[in-house]
Every structure is written in C-alpha cells, then in structure tokens.
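Order of the sequence lines sets the chain letters (A, B, ...), proteins ahead of strands, with each chain counted from 1.
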Protein chains: 2
Amino acid sequence: MEARHLRYALALAEHQHFGRAARSLGIAQPPLSTQIAALEREIGELLFDRTSRGVVPTAAGEAFLARARAALAEMTLASVDAGRAARGETGRLRIGFTGSALLDPLPGVLGRFRRTHPGVRLALQELDSATGTAALLAGELDVAVGRGNPRGVGAEDLLTVSIGTDHLVAVVSVAHPFAGRSAVELDQLAAEDLIVSPDAAASYLRPVFGADRAPLDGATLARDVHTIAGLAACCAGVGLGPNRMRLIARTDIRFCDVEPRYRLPDLAMSFRAADRSPVLAAFLSVVRLNCSDVGSRLDDLLARHPSVVADAARS
Amino acid sequence: MEARHLRYALALAEHQHFGRAARSLGIAQPPLSTQIAALEREIGELLFDRTSRGVVPTAAGEAFLARARAALAEMTLASVDAGRAARGETGRLRIGFTGSALLDPLPGVLGRFRRTHPGVRLALQELDSATGTAALLAGELDVAVGRGNPRGVGAEDLLTVSIGTDHLVAVVSVAHPFAGRSAVELDQLAAEDLIVSPDAAASYLRPVFGADRAPLDGATLARDVHTIAGLAACCAGVGLGPNRMRLIARTDIRFCDVEPRYRLPDLAMSFRAADRSPVLAAFLSVVRLNCSDVGSRLDDLLARHPSVVADAARS
DNA sequence: TCTCCGCGATACCCAGGACGTATCGTGACG
DNA sequence: CGTCACGATACGTCCTGGGTATCGCGGAGA
C-alpha cells in the first residue's frame, strides 16, 4: 500500500464520483478506477459501493478512510517536525550551570530562548564547574556553565566561550564595620572570617592571598552565592564572590570592592565540539545575541546551521 | 512523499547502514541511496549523517522517523480496521425494542452479540412498536423489535422476522381470587378491572373482547410489563400480557392462562431492507443462531455477507 | 418497452521512474 | 601509503502508473 492509494481513496470519498475525484487529483478516471480496485484487492474488502450515479463508502471504507486521513496527517507532520527539529525548534536541552550564572547571563538568555523556542524542553541543573564538565563529557549534559575553562582529560573535546567577566567583591552585613565603605583592602580581609564557595576556595581564589593559606583554609564554605550573602547577613563573616553577586537585592547586606581589583576566571559556557544538535546551535545563537562578549568563535560554529541562526535572529 | 520513502528511512535508521538496510528491503544499495536523497530533497533537510562507517539519523531524522512509524502504523491499522468493519466487528448498532422483548429473546441475543462483537457500540432504547417503526424508517434506528409486523407508509422498505410467539396470560396479586388457578375464562376477565399496555389496548387486544369495549376502555394503562405486574401486585386489577411475562420473578404475583387461548402478534425484529451494514448482518446472524423460529428468510439476506456469517458462527 | 445518457470498468499503449549492475570518490585503518 | 569499506554516481532496463478509446450496465424519460 502506498500513500497514493490513501490520497486517491480520500478524494473519491470526498467527491463520491470517480470522474470528479480523478479530475481533482489531476489524473484521468480509468487510472483512478484501477488504483482503487488494486487497493481493495490488497485490503481484501470492498471500500466503496458503486451505484449507477456515483459511489459511496462501505462500512469498511469509512473505517479505512478515518485511518487514511490520520496516516496522511502523520506524513505531513513528519515533514513539518523534521523542519522544526532541524531549526532547533523542538527537542531537549540539558544545561548544567554554576549558581552565580543565574544572577546575570542565564535569566536573559534562558528567558529569550524559552520565548523563541517554546517547543524545546529545558532540563536545568545547578552544578559546580568540575561536575558540569564531567557530566558534559559523559553525555549527560548538552551545555555546562562554569567558572573558568574546563580542564582535565577530555576537555579538548569541548568548546568554550566566555559569557561574562567578574572581579572579586566582598559582601557584609549592614552591621559590619565595612558596610558603607565602597572598597576594602585585601590585607584587611585576611584578618576576617571569610565565606567563600568550595570552588573558589579550592582553586581560583588561592592566588589572591599568596602564601598565606590561613584565611581560605579556615573559611566558611557555601556553594551558592545566595547562601554566601545570607551567611554574611548573619554576621558569619565577610563573603567573597563575583561582582555579579551585587544583583542580590537584600537590604541587610552591603557590597564593597576589593582593592587591588582581582579579576576572577570568566563565566564560561561549554559544549561538546562534536555536538551537531540544532537545538544546541539555536541556543548558542541566542547566547550570541544576548551576550556581547562571546567573541567571533561562535560565528564559525553556527555557520554549520544557517537555518537555525536565521530562525533565532528572526524572533 | 510515498509510503516507500518512510519504509526505506525506517530500515536505514534501524540498520544504520545503506547496504544492510537495502538487503533487508530486498533491493540493492544504490536505489536506496537515491530514494533517501530524494526524500531529503523533498523534506528540505538532511535526515541522516553519513560517516565513513555507516549512517546515523540527525535530529531532523529522529523527528521524522517518529512520525513515519506512526504513519505506517496508521496504514496497517487502516487495513485491519477495514477488515473488522467489513466483518461487522466494529461500528454502532441502534436498537429500539418493546419492553417484553427484554424478558426473553434480547438478553440471550444481546449477551451473545456483546461477547462475540465487543467492538460494536450498542445503543439501546425502549420504544413502543409504532415509534420504533417510525424511527427505523427515519434512519434513527438500525433494528426495531416490536409486536406484530410494521404497518403504515414505508413499511414495505423494511424486512421483518419473527423472534418469538406469545399467547395472552393474566397476572394477579397472590391475594386475588384468581391466584392459584392455572387458567381463567375470558368472560370472567370482562368483569374485572384490567391492566394492559397502551399498545395492546389500542390494537391487538381489541378482538379479544369482541363488541364489548368497556373492559379495555376502562382499563388501567401501563407501558411496561413490569409495571403491569407491579400494579397487579398492588391489587389494582388483573394484568393482561404476553406469556413471556411469566419470567418476571415476583413472589407477590401469580399467573393464569386465559381460556380460550388467544395468540398475540409475534415479537418481530425489523430492519431496513436496503441496509447493507455488516454490523447489522453480524447482529442478524447472531439472532439466527439464538432464535430457532426466525425462518430461512435471514439466510438469504446473510448470503450478502459471507465473511460476517462465518465470523459470527466461529464465536 | 425502447432509447438515451451517464457512470464505472476494461483494453491497450506509452512514458517516467524505480531498480539493478558497474564504477567512482573518500574517509578509516593497518 | 596502500587497502578496504561505505556511500554516491552513471546508465541501462523493466515495471507500472497514467492516458486514450471503448465497453457494459443501470436508470430515466419518451
């Protein structure tokens, strides 16, 4: 059975007349007769009752026609869905991210992506940078947002773009002596109880205090920037984190720049270099539109998916 | 797009290899390549990523394949459903019946039909004989069970078979003087308050009392045999009805034959002579199996639907 | 009752395309 | 760097879907 048979049967049922149905199909009447006869022979049942002034579906015909309509609808949907999938409008995207990215680039990017690609299911997960990289390489994530470029075995299979720069700021309770000061000196911090993320304590904050390991080794650890801010509000110490932390709108805390200014590793978005998923491409093209400093590297990647880029830009 | 393209794409996705897929389809590899290429050209998207050691569906391909599977499933279901409909296994049957038919032939017939044809939706409706005939002619019913052959304009378009004979019996309260008697004389009844159905009072019971219209004109009317029996139990008079009324299992009533025995018009099942519905044929073939006295007329009708009869007999 | 008309079925021919065979281009792997 | 395996391309062939002409038949009207 071919789709042609379904189309012919539906046309015949609609016009109840071989001649008119054939004309509507752009063919002559005899071929339509033979095709319908062949279909009935294959099914093993008469689908139409022939009368002298036309044709009417039998009960078997009615049952067949209902399924035929559904089948043809599925076929056109197959084509439509393929196009949508190719433009990254449907599918799934699994994103792991470090908490501080939720403060700035992600709300804009994800909000825009959800609006322009409502058919894509987003699976979001807060992860520290190292876990995100591992999950990405294991194929459990499609995108990982972490601080700094991924390192370790397999990292060469990933592509990474910067989606935001930060420098170190301190957060304190309004009751703290630092509150009201626009900046504090680094050596003043060494004498305070510090609150930092495990990521920061283990890696990129190490160079800040030079040889003096005491401040970080004795620090209170909190994975999330909101927890750091909350602990600071509790007067548990001086919180240290990226300056996008300033977006936290608590009235019981104050922020101070740290002097000398210390630049943190960039917020970085990674994905598998071999990943040709159009959904990923669509997501990256939204990222490019929303983040000014991603550089031109994305353009080269997105050249592989012209329709995706055009689709994203249109929205 | 033809069904062939769907089958080819599914085979290719299954084997991830042009050569093996082609072999599984019983064709050579080059035609498969060209057909897939033609499909991709029509869709406007690449459905498969070609590598040097095989082939893997793209995101667009995955979306397409899901719909393709559904479309092919619909096509096979179209064939299956057509066969089922032709054998009367699916569809709808609207049956109007007079209440007393529910006592004897219908429970057996409908029970068997429901078991053998679970896919047929039955629409059942209690109707008096005249209304049933009218609804049948109006196309609102497929089968009407009434007492006596349909009469009136259009009745020649109907076919009718007898599905049961009855004679007149009386029903009385256990407290009534007739209770315990196996038979009562007709002229004894004339002196009693009678309870009869409107149908009976208006037509086929008229001849019973000859010129004396008083017993029927003054009778209590109740459409349903159970109501007649209930009223008799209330000592509201002597109920008259078909002897299949004896199947009513109330302990507060007794039945008596009426002497001389008066044969009532047969319980008759009617349907449109022009109705070629396989569901009707299936139903009638079950009727023939369940009712011994339908005569041979049904056989001629059912000869039009050999597969239906075979199907019903098998169960 | 006969004739005419309209509809679907059949007969026959033709052309497009689906398939087969042979061959080529190209990555992967030893 | 040679070989192998896989998909793409080229080309011939045959099947079949479609066109034209015609037939069979049932219904309507004279």
Please give, in whole Å, the distance from [N] [atom2] to [X] [atom1]?
X: D49(A); N: dG8(C); atom1: CG; atom2: C1'; result: 13 Å
X: Q35(B); N: dG20(C); atom1: CD; atom2: P; result: 11 Å
X: R41(B); N: dA8(D); atom1: CZ; atom2: P; result: 12 Å
X: F48(A); N: dC7(C); atom1: CZ; atom2: P; result: 17 Å
X: H5(B); N: dA18(C); atom1: NE2; atom2: P; result: 6 Å
X: L25(A); N: dG19(D); atom1: CG; atom2: P; result: 10 Å
X: R23(A); N: dG18(D); atom1: CZ; atom2: C1'; result: 17 Å
X: I27(B); N: dA18(C); atom1: CD1; atom2: P; result: 11 Å

Check ion pair E40(B)-R50(B) (N to O, under 4.0 angstrom)
yes

Taking the nucleotide of DNA chain C with the nearest heavy atom to each, does R53(A) or A37(A) sit closer to the 5' end?
R53(A)

Looking only at side-chain atoms of P31(B), point me to the closest of dG7(D), dA18(C), dG20(C).
dG20(C)

Can you figure out which of dA18(C), dA9(C), dG7(D) approaches the side chain of F18(A) most closely?
dA9(C)

Report yes if a side-chain nitrogen or oxygen of [X] is closer than 4.0 Å to either non-bridging phosphate oxygen (OP1 or OP2) of [N]; otherwise report no.
X: R50(B); N: dC6(D); value: no
X: S33(B); N: dA8(D); value: yes
X: S52(B); N: dT26(C); value: no
X: H17(B); N: dG7(D); value: yes

Taking the side chain as C-beta and beyond, is there a heavy-atom pair between F271(B) and L159(B) under 4.5 Å?
yes

Side-chain donor/acceptor of D142(A) to backbone N/O of R94(A), under 3.5 Å
yes

Heavy-atom donor-acceptor pair, E2(B) side chain to R4(A) backbone, under 3.5 Å
yes

Comparing nearest nucleotides in DNA chain D, the 5'-proximal residue of the pair P30(B), R4(A) is P30(B)

Could you walk me through whether V120(B) and F283(B) pass side-chain contact (heavy atoms from CB on, under 4.5 Å), step by step?
CA-CA 10 Å; V120(B) 176; F283(B) 182 71; over 6 Å; no

Touch check for Q29(A), heavy atoms < 4.0 angstrom, all strands: base, sugar-phosphate only, or nothing?
base

Hey, does Y8(B) reach any base, or is it just sugar-phosphate, or nothing, if we go heavy atoms under 4.0 Å?
sugar-phosphate

